[in-house]
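Throughout, residue positions are numbered sequentially from 1 according to the sequence presented.
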Amino acid sequence: MEFLVECISLKTPKGRLTTFLVITILVFFAPYNRLSHLSAWPMLGWKSAPSIGLTRAYHLFLHGKILLAWHRNWLIYPVITIWVFILAKDMIKIYQQKRFKLSQSF
């Protein structure tokens, strides 16, 4: 239960990495046409918002359609850049924690 809270809250590096991996797998295997109605903005009455199309752009990006992802929503590239920095930082932190635990056991 505690790990589920970590994943939902994105509170820990392990929770963030797990959540990112699960979302990436879901988006990768989801049929593209199923991703078109995920945005909450149109349901709230907004015709346009900067985040509309990010999931579809991520899907296209994951499938190697880089230019189509750009045309769907160019903000996917700053988002991915930020994710990469956060995930790299989290992986380094997890590695350092494991290394510290190993050094304590000797």
Same hydrophobic cluster for [X] and [Y], using side-chain heavy-atom links shorter than 4.5 Å among ILVMFWY?
| X | Y | value |
| --- | --- | --- |
| Leu17 | Phe28 | yes |
| Val84 | Trp74 | yes |
| Ile76 | Leu87 | yes |
| Met91 | Ile23 | yes |
| Ile66 | Leu54 | yes |

So, do [X] and [Y] sit near enough that their side-chain heavy atoms are less than 4.5 Å apart?
| X | Y | answer |
| --- | --- | --- |
| Ile80 | Phe85 | no |
| Arg72 | Phe61 | no |
| Val79 | Tyr58 | no |
| Arg56 | Asn73 | no |

Test question: given the 4.5 Å side-chain rule for I, L, V, M, F, W and Y, name all other residues clustered with [X], or answer none.
| X | answer |
| --- | --- |
| Leu67 | none |
| Tyr32 | Leu60, Leu68 |
| Val22 | Leu26 |
| Trp41 | Leu44, Trp46, Ile52 |

Exercise. Is there a donor-acceptor pair closer than 3.5 Å between any side-chain N or O of His59 and the backbone N or O of Ala30?
Worked result: yes
Exercise. Would you say Thr19's side chain and Cys7's backbone share a donor-acceptor pair under 3.5 angstrom?
Worked result: yes
Seminar exercise, completed: Residues Ala69 and Ala57: closest non-hydrogen pair is CB-O, 3.3 Å
Seminar exercise, completed: Between Leu62 and Val27, the two heavy atoms sitting closest are CD1-CG1, 4.1 Å
Exercise. Around Tyr95, counting heavy atoms of other residues, nucleotides and ligands shown, do more than 12 lie under 6.0 Å from its OH?
Worked result: no
For this session: Measure the OG1-CD1 distance between Thr12 and Ile94 for me, rounded to the nearest 0.5 Å.
Result: 7.5 Å
Exercise. Which pairs pass side chain to side chain donor-acceptor pair (under 3.5 Å) with one or both residues in residues 79-93, sequence neighbours excluded?
Worked result: Arg16-Asp90
For this session: Can you sort out the partners of His71 under ring-ring contact (aromatic ring centres under 6.0 Å, His included), two or more places apart, ordered by chain and number?
Result: none
For this session: Could you walk me through whether Val5 and Lys11 pass side-chain contact (heavy atoms from CB on, under 4.5 Å), step by step?
Result: CA-CA 8 Å; Val5 172; Lys11 194 174 182 178; 5.9 Å; no
